Amino acid sequence: MNRWKSLLLTLVISNAVLWSAALLYMSRAKPKYTSDWTINVLGTASSSNINIPEIGQATSQDASAYAGISYDPRENYKAIATSEQVLNLAAKSANMNNTTFGAPKIKIVDNTTLMRFEFQGKTPAEAQKKSQAFYNTLTLQINKLRSDDIAQQNARLQVGIENSRQKLKAAQQKLSEYRVTSGLSANEQLSNLAINIETLRKQRAELIAQEKQSSARVLKLRQDLNLSSEQAGDAFVLQADQLFQKYLLSYNDAKSKSVILEAKFLPSHPSVINQNAEVQQAELALTNRAKILLKRPFDITSIEQFNFSDNESSGPKRAALSEKLVTTDVEKQGLKAQILGLNQQIGQLEYRLKVLSQRQSKLEDLKRDVQIAEAVFSSTIARLDMAKSSVSSAYPQIQLLSHPSLPESGTGANRNLVLLGAGFGSILLSSGLARLLQNKVQKTDYLLTDNILNGKKPQIYETSEH
């Protein structure tokens with residue numbers, strides 16, 4: 001009976017304490033107000049392409065924030081939102097301490113680009129104030145991080161621009177110096193030189209044809225006159241000299257008399273001998289004069305070929321043909337000299353063209369280096385200009401879909417849940433005490449049975465155990 005009384009007293013006290021605590025919590029628990037709002041984390045990819053005529057193109061591309069399979073920018077934004085720095089700044093802007101301000105409840109909505117935020121407060125205005133202060137602080141922090149990221153990109157591009165500018169200057173300097181040393185001043189220089197060479201070759205071909213014609217005429221005149229061009233020229237020189245013509249007349253006269261005398265008398269006749277002596281004197285005077293005029297020995301046997309005397313019927317015609325022979329031969333020699341000059345000129349121009357062609361190849365390489373440097377420099381500047389208006393893919397733009405709400409009703413203690421919990425606790429407490437009493441009774445019965453079986457006198461113990 002004492003055990004049952006103790007158990008009942010313990011059960012009553014325990015249940016009284018449990019239900020009192022539950023009722024006290026229900027009476028003193030104050031309602032809390034929740035302000036919620038939603039943002040959309042944009043992730044649209046964009047690209048820009050700028051074509052620079054005769055230089056190249058510049059491309060700027062902003063990758064989608066959700067391009068990576070294992071990457072979600074909302075997780076980054078969640079980490080930023082729950083960081084101590086953002087919470088401290090938000091609490092400061094709301095004029096609250098960190099404990100009172102608390103932290104938001106953040107939920108990432110699956111299969112969307114949305115994030116939901118919830119803030120609790122003692123009053124509707126306080127909850128909304130916390131949400132508004134937190135959203136403003138989060139936006140400022142994201143903008144700051146985005147600006148820092150873009151500034152770092154711009155700094156890298158600025159370094160790239162400076163390097164590209166130096167390379168462009170070096171390439172232009174090399175090109176200018178090589179143009180001065182190579183003699184290549186214009187792009188059309190090689191084409192003009194090639195055109196000049198072709199023009200000279202055409203002139204040479206025409207002169208060669210004329211020279212062949214002159215050679216053919218000279219050959220024909222030589223055959224007709226049985227004179228060479230040199231002999232015909234010598235004949236004109238001798239014919240133009242009056243003293244030579246006087247000596248020639250004396251020689252011809254003495255020669256004629258000698259022939260007449262030799263026909264009448266024997267060679268040993270004094271008249272023949274005297275006349276032959278006169279012929280020899282005339283011949284000597286004639287050859288000496290011819291030697292002076294022609295500046296070379298003169299053979300008297302060719303005197304008949306040089307004779308263009310007007311006394312003969314064929315004399316004027318022979319003189320005309322000889323003059324034509326000399327003129328044609330002079331023309332032929334002039335054509336040969338022109339052809340020789342053209343050959344030398346063409347050879348010089350061809351050599352110059354060969355040298356300039358080799359230099360032109362290097363010049364084109366230097367021009368290509370300048371074009372590449374210009375393309376890199378221009379594209380880098382274009383990328384810098386486009387980067388100023390681009391959005392960092394690491395920190396995409398956010399869009400506020402629903403503003404922080406002003407809760408109309410609060411959420412306090414759930415009476416049904418508290419009562420259910422208290423009832424369930426009471427049941428557990430009662431069953432536990434009952435189980436404890438059952439264990440005590442079984443132990444006492446076991447001791448009595450054991451004493452009886454061993455022949456011992458059972459003893460009754462009074463206990464105050466509960």
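Small disclaimer: the values here were computed from a predicted structure and weren't measured.
Between Leu175 and Asp369 there is no side-chain heavy-atom pair separated by less than 4.5 Å. Lys105 is not listed as a side-chain neighbour of Gln120, based on a closest heavy-atom distance of 4.5 Å or more. The shortest side-chain heavy-atom distance between Leu138 and Ile142 falls under the 4.5 Å cut-off. Inter-residue side-chain proximity for Ile80 and Leu145 is flagged as met; some heavy-atom pair is nearer than 4.5 Å. Side chains of Gln399 and Leu401 form a contact here, defined as non-hydrogen atoms less than 4.5 Å apart. Within the 4.5 Å cutoff, the side chain of Ile39 has no heavy atoms near those of the Leu114 side chain. You'll find the side chain of Leu193 reaches within 4.5 Å of the side chain of Leu356, heavy atoms only. In this structure, Val109 and Met115 have side chains that are not in contact, with every pair of non-hydrogen atoms separated by 4.5 Å or more.
In this structure Arg359 satisfies the side chain to side chain donor-acceptor pair (under 3.5 Å) test with no other residue, sequence neighbours excluded. Applying the side chain to side chain donor-acceptor pair (under 3.5 Å) criterion to Asn196, with sequence neighbours excluded, gives no partner residue. The side chain to side chain donor-acceptor pair (under 3.5 Å) test applied to Arg352 returns no partner, not counting sequence neighbours. In terms of the side chain to side chain donor-acceptor pair (under 3.5 Å) criterion, Asn111 has no residue partners (sequence neighbours excluded). The side-chain contact (heavy atoms from CB on, under 4.5 Å) test applied to Gln333 returns Asp329, Lys336, not counting sequence neighbours. Shown here are the salt bridge (charged side-chain N to carboxylate O under 4.0 Å, His left out) partners of Glu118, two or more places apart in sequence or in another chain: there are none. By the side-chain contact (heavy atoms from CB on, under 4.5 Å) test, Glu75 is found to be paired with Asp72, Lys78, Ile108, residues two or more places apart in sequence or in another chain being considered.
Not one N or O on the side chain of Ser361 forms a donor-acceptor pair closer than 3.5 Å with the backbone of Ser357. Remark: the backbone N or O of Leu42 is not paired with any side-chain donor or acceptor of Asn40 at under 3.5 angstrom. In this structure, the side chain of Ser93 engages the main chain of Ala90 through a donor-acceptor pair within 3.5 Å. With Thr181 contributing its side chain and Tyr178 its backbone, the two residues share a donor-acceptor pair below 3.5 Å. With Ser131 contributing its side chain and Pro404 its backbone, the two residues share no donor-acceptor pair below 3.5 Å. Of the possible polar contacts, none joining the Ser405 side chain to the Ser35 backbone as a donor-acceptor pair under 3.5 Å is found. Remark: the backbone N or O of Met96 is not paired with any side-chain donor or acceptor of Thr100 at under 3.5 angstrom.
Between Arg116 and Asp36, at least one side-chain N (NZ, or NE/NH1/NH2) sits under 4.0 Å from a carboxylate O, which counts as a salt bridge. Salt-bridge annotation for Asp149 and Arg146: absent, with no side-chain N of the basic residue lying under 4.0 Å from a carboxylate O of the acidic one.
The stretch residues 119-133 participates, sequence neighbours left out, in these salt bridge (Lys or Arg N to Asp or Glu O under 4.0 Å) pairs: Glu126-Lys130. Among residue pairs with one or both ends in residues 76-105, those qualifying as ring-ring contact (aromatic ring centres under 6.0 Å, His included) are Phe101-Phe119; sequence neighbours excluded. Listed by first then second residue, pairs satisfying ring-ring contact (aromatic ring centres under 6.0 Å, His included) with a partner in residues 135-167 read Trp37-Tyr135, not counting sequence neighbours.
Between atom CD of residue Gln153 and atom CD of residue Gln158 there is a gap of 13.0 Å, rounded to the nearest 0.5 Å. In this structure, CG on Asn143 lies 12.0 Å from OH on Tyr395, to the nearest 0.5 angstrom. Separating the CG atom in Leu353 from the CD1 atom in Ile346 is a distance of 12.5 Å, to the nearest 0.5 Å. Taking NZ of Lys92 as the reference point, atom CG of Leu87 lies at 15.0 Å (rounded to 0.5 Å). Interatomic distance, CG of Leu349 versus NZ of Lys354, reported as 15.0 Å (0.5 Å rounding). Arg368 CZ to Leu363 CG: the interatomic distance, rounded to the nearest 0.5 Å, is 10.5 Å.
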task = Show your reasoning for whether side chain to side chain contact (heavy atoms under 4.5 Å, CB included) applies to Thr112 and Arg74.
result = CA-CA 10 Å; Thr112 66; Arg74 296 177 298 176; 3.7 Å; yes
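In plain terms, the two heavy atoms of Pro407 and Thr34 that are nearest each other are CB-O, 3.3 Å. Nearest heavy atom pair, residue Thr38 against residue Ser402, reads N-OG, 3.0 Å.
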Donor-acceptor pairs are to be reported for all side-chain atoms of residues 202-213 against protein atoms at under 3.5 Å, with residues two or more places apart or in another chain.
unit_1: Arg204; atom_1: NH1; unit_2: Asn343; atom_2: OD1; d: 2.8
unit_1: Glu211; atom_1: OE2; unit_2: Ser215; atom_2: OG; d: 3.1

Can you give each donor-acceptor pair under 3.5 Å made by side-chain atoms of residues 161-169, sequence neighbours left out, with the distance rounded to 0.1 Å?
unit_1: Glu162; atom_1: OE1; unit_2: Arg165; atom_2: NH1; d: 2.7
unit_1: Glu162; atom_1: OE2; unit_2: Gln166; atom_2: NE2; d: 2.9
unit_1: Asn163; atom_1: ND2; unit_2: Val159; atom_2: O; d: 3.3
unit_1: Ser164; atom_1: OG; unit_2: Gly160; atom_2: O; d: 2.8

